[in-house]
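First listed ligand is number 1; within each ligand, the first listed atom is number 1. Numbers for residues simply follow the sequence, beginning at 1. Since the model is a prediction, treat every value here as computed from it, not as a measurement.
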Amino acid sequence: MEKFEHEYKADQIQVLEGLEAVRKRPGMYIGSVSVRGLHHLVYEIVDNSVDEALAGYCKNINVTIEKGNVIRVEDDGRGIPVDIHPKTKISAAETVYTVLHAGGKFGGDSGYKVSGGLHGVGSSVVNALSEWTEVTIKRDGGIFQMKFERGKTVQPLKKIGDSNETGTTVRFFADGTIFETLNYEYEVLENRFREMAFLTKGLKITIKDEREEPVKEAEFCFEGGLVSFVEYLNKNKEKLHEKPIYIDKKGEFPIEIALQYTSAYTDNILSFVNNINTIEGGTHLEGFKRALTKVFNDYAKSHNILKEKDANLLGEDIREGITAVISVKVKEPQFEGQTKTKLGNSEVTGLVQNAMVEELSTFLEENPAVAKSILDKCISASRAREAARKARELVRRKNALEGSTLPGKLADCSEKDASLCEVYIVEGDSAGGSAKQGRDRKFQAILPLWGKMLNVEKARADKIYGNDKLNPVILAIGAGIGSDFDVTKIRYGKVIIMADADVDGSHIRTLLLTFFFRYMRPLVENGNVYLAQPPLYKLARKGMKDVYCYTDEQLEKNLNELGRDGMTIQRYKGLGEMNPEQLWETTMNPATRTLVQVTMSDAIKADEIFTILMGDEIGPRRDFIEKNAKFVKNLDI
Ligand code: TSJ
């Protein structure tokens, strides 16, 4: 008996030490304490409900951002078991919530838990990083509740009422002394839960933001699962066949794939492992790609669409215009790569490949018209690739003749360590001139661009290589484009777009961003792309140091603080109006400038924006701009 008590104490101490470690080094457990980490808390909790849904016991999950940034997650599952855990002598529910990695160690195991994935560290981590948490469970005829503060139990589980329903509700308020911000972004959560609903056929997830009037809410439930996902991704695109192709294989582990071809020139392939977006791909994606290449080449040869002597189509030709979502569930996923979003399990490749080969070749045999239209597109992609290669060689040869592979207009910097270097892509020759004079030539390079840019949304790679506006950008960055792009070869750690704050400037920014997004995506994902922020106004007065204002709000604020008497307000119409010293001081000097980093944390949303804003269809573009005026402005498009 005495020994038992001793053990109990030791366990309790371990628990507290465990959660204390989480509070000391939160980044180790949730990646970061930025807004991103904050959102992870919500995913962590919701994942538990999704597991209950995968186990077949939960149909509805409601997520609410309450006033004051309190999060409430409710599900109609079985409710976390409330009986006493034999070892710790505390309720199972409290164990889940206070012991690191306790989730899944007891009770029914659905097999493919989504919780415990990427940062899947268990709900105890959310508990440790919350100022307070309240868990309410309905099961066994009762309503039970427990409360915690910063991971410590302040009210052990107790019965507070009767109910014949079942379910779990968690409310928590993240710890403001740990997170940089407590302000959840509704859009980000909405996107994530839409994605989760697509990935779990039939599960209904609602999200509601009660912080501001009018209340925002959305409801997601997709009976079509991944097929609905692909239809959603393609909603503004021209499709080559009416229905997505769907593969659902429950072999050694579940493999689900939906794909549909469009007339686009780029591919959009999303892959998930246990509902986690594997941005860096991995073995499941590898299996998918291999199968796609093999099946289409075999079909083309056996149906004489390609002659026996013709070279095989390359993977990239066959992927042009494809939209696909791959979702696999793996028991013990190994995540690798820089952001731990690359699946490493080698056994997965062959299994995905086999599933795809079988089902896709059957589909093509049964739908020859679809097969033909896809292959026609692949063949023209392969011709364009060949033309692009010639164009690229021509450019290379020309550059070799001219004795340099760097564009003539580039004023390079002297620093050799690329990570310390910056290149400013500057609109207009005169601004380019000021930037060249104003810069710190040790680490800042200037590449002036002028004239109308090519809209890459409407062009294939061959047009891009030969393009006299984009080619200097490609050469200056020095890491290739498209499938050749190698982010480790970039010549500058920061690629900074510097354009006027007017319509033309906005246009060139959008076009360059589209180009980077489509042809140098890792550059954007890696966070190497920035937007310079030139000031809009200069305030000058005798005896006062000039004050620069970057927004209309700043102008108002400064005028109110400094007074308007004797003040001259200069509005900058363009970068060209600033002299080199001013440009340095306001926009280029790392000590005084503001740079906006372009992030594509949500590649789906970004893809949608580019398609809508740059594509041919006018209706969706207008609707989108009307609905998302603020968002578009923030994205600087
Ligand atoms: F873990 C948690 F507290 F973060 C949490 C868990 C939060 C939320 C919003 C939901 C849940 C949760 C857990 N929902 N449903 C469950 N189910 C179980 O824990 C459960 C229920 C019954 C059995 C069984 O074998 O009878 C097993 C489990 C794991």
Does [X] reach ligand 1, in the sense of a heavy atom lying below 4.0 Å from it?
X    : result
G79  : yes
E44  : no
G77  : no
V135 : no

Under 4.0 Å to a heavy atom of [X] - the qualifying atoms of ligand 1, by number:
X    : result
S123 : 1 (F), 2 (C), 4 (F)
S49  : 8 (C), 9 (C), 10 (C)
R139 : 21 (C), 22 (C)
Y97  : 2 (C), 3 (F), 4 (F)
V96  : 1 (F)

*Aromatic rings F229 and F272: how do their planes relate, parallel, tilted or perpendicular, breaks at 30° and 60°?*
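Plane angle between 30° and 60°, so tilted.
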*Between E52 and ligand 1, is there a nitrogen or oxygen pair with a distance under 3.5 Å?*
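So ligand 1 has an N or O lying under 3.5 Å from an N or O of E52.
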_Under 3.5 Å between any N/O of D75 and any N/O of ligand 1: does that happen in this structure?_
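So ligand 1 has an N or O lying under 3.5 Å from an N or O of D75.
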*For ligand 1, the portion of Y57 having any non-hydrogen atom under 4.0 Å away*: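 It is neither part, as no heavy atom is under 4.0 Å.
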*For ligand 1, does M146 get within less than 4.0 Å through its side chain, its backbone, both, or neither, judged by non-hydrogen atoms?*
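The answer is neither.
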*Could you go step by step and tell me if V73 and S49 meet the side-chain contact (heavy atoms from CB on, under 4.5 Å) rule?*
CA-CA 9 Å; V73 181; S49 301; 4.1 Å; yes
*asked:* According to ring-ring contact (aromatic ring centres under 6.0 Å, His included), who are the partners of F179, at least two apart in sequence or on a separate chain?
replied: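 ring-ring contact (aromatic ring centres under 6.0 Å, His included) check on F179 returns nothing, list empty.
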[X] and [Y]: side chain donor to acceptor below 3.5 Å:
X    : Y    : answer
T278 : S271 : yes
T323 : N268 : no
E74  : T168 : no
E359 : Y246 : no

*Could you tell me which residues satisfy salt bridge (Lys or Arg N to Asp or Glu O under 4.0 Å) with K494, sequence neighbours excluded, listed by chain and number?*
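Partners of K494 under the salt bridge (Lys or Arg N to Asp or Glu O under 4.0 Å) test: none.
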_Nearest 0.5 Å, please: how far is OH in Y184 from CZ in R211?_
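Spacing of CZ (R211) from OH (Y184) equals 9.0 Å.
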